[in-house]
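Structure first, then comments.
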Amino acid sequence: MRNQIAAANWKMNLTITQAEELLNNLLQQPKQLSGHQKVVFAVPFPYLSLAKNKVSGHANYFVAAQNCSNKKSGAYTGETSAEMLQSLGVEYVVLGHSERREYFSESNVVLAEKVNIALDYSLTPIFCCGEPLNIREAGTQNSYVEVQLKESLFHLSAEQIQKIVIAYEPIWAIGTGKTATADQAQEMHAHLRKVLADQYGKEVADAISILYGGSVKGSNAKDIFSKPDVDGGLVGGASLIAGDFAQIIDALK
Ligand code: PEP
């Protein structure tokens with residue numbers, strides 16, 4: 001079975017004390033996960049080492065950064081390189097979150113560079129894509145998201161693309177409490193898998209995990225994750241609440 005992933009995106013939230021408390025709450029009684037089920041904590045940069053220490057010894061629990069530079073190293077004040085993340089033992093990096101695209105002007109081209117450098121340093125990109133409300137209302141969401149994939153990922157080889165996790169996050173559902181229905185999520189995920197299959201073949205497409213993100217909560221995760229092309233979720237708000245995120249982990253297939 002494809003990897004099923006519950007990924008917590010803490011964004012720019014929590015003090016170090018609160019971060020430690022949340023991780024302690026979730027890891028005191030870690031879930032018994034099957035080999036294909038994984039939990040990833042995408043924490044702010046200052047807490048990466050803390051999170052890495054906390055998850056060590058817990059099988060199938062991993063740490064992610066929320067971004068990395070498209071540059072290798074050098075005079076880029078304020079940036080964090082993929083190599084630095086690798087040196088901390090970080091395994092995943094979220095790339096192309098809609099908040100990065102919107103507030104930090106990250107383009108599909110820059111994201112292609114970030115994907116490359118992440119793979120160079122053995123980080124697994126969690127590549128985010130998703131359409132804004134006006135595109136959904138115009139009914140052109142499929143082609144919009146397809147372009148995001150093509151421009152940032154389709155230069156990769158078949159071997160490389162299987163190392164990517166895709167997160168479909170309709171922007172109108174992020175942090176709004178307005179979740180896509182399970183059927184809307186399935187429809188887009190099936191479309192993305194077809195686009196991947198057209199480019200790389202069915203076997204490759206079937207191996208790639210596609211997460212759904214957008215107001216996933218303990219109460220709706222099971223319904224959304226039950227869909228055949230939904231392989232877990234990238235979770236913002238609800239990942240800051242231990243009980244809610246624990247329920248989301250339980251909802252993994
Ligand atoms: C996210 O930040 O990736 C996200 C999906 O946020 P939320 O779950 O709060 O909608």
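Note that the numbering runs from 1 along the sequence shown for the chain. Because only heavy atoms are used, hydrogens play no part in the values below, and waters and symmetry mates are left out as well, while side chains stay in. For ligands, and for the atoms within them, numbers begin at 1 and follow the listed sequence.
- Protein residues with any heavy atom under 4.0 Å from ligand 1: Asn9, Lys11, His97, Glu169, Ala173, Ile174, Gly175, Gly213, Gly214, Ser215, Leu234, Val235, Gly236, Gly237.
- Considering only residues two or more places apart in sequence or on other chains, Glu159 meets the side chain to side chain contact (heavy atoms under 4.5 Å, CB included) condition with Ser157, Lys163.
- Listed by first then second residue, pairs satisfying ring pair (Phe, Tyr, Trp, His ring centres under 6.0 Å) with a partner in residues 94-119 number zero, not counting sequence neighbours.
- Every residue meeting the side chain to side chain contact (heavy atoms under 4.5 Å, CB included) condition with Glu91, not counting sequence neighbours, appears here in chain and number order: Lys52, Phe62, Val63.
- Phe154 and Tyr200 have their aromatic ring centers within a separation under 6.0 angstrom.
- In plain terms, the two heavy atoms of Ala167 and Leu234 that are nearest each other are CB-CD2, 4.0 Å.
- A single hydrophobic cluster is not seen to contain both Tyr61 and Tyr92; linkage of ILVMFWY side chains at heavy-atom distances under 4.5 Å, directly or through other members, places them apart.
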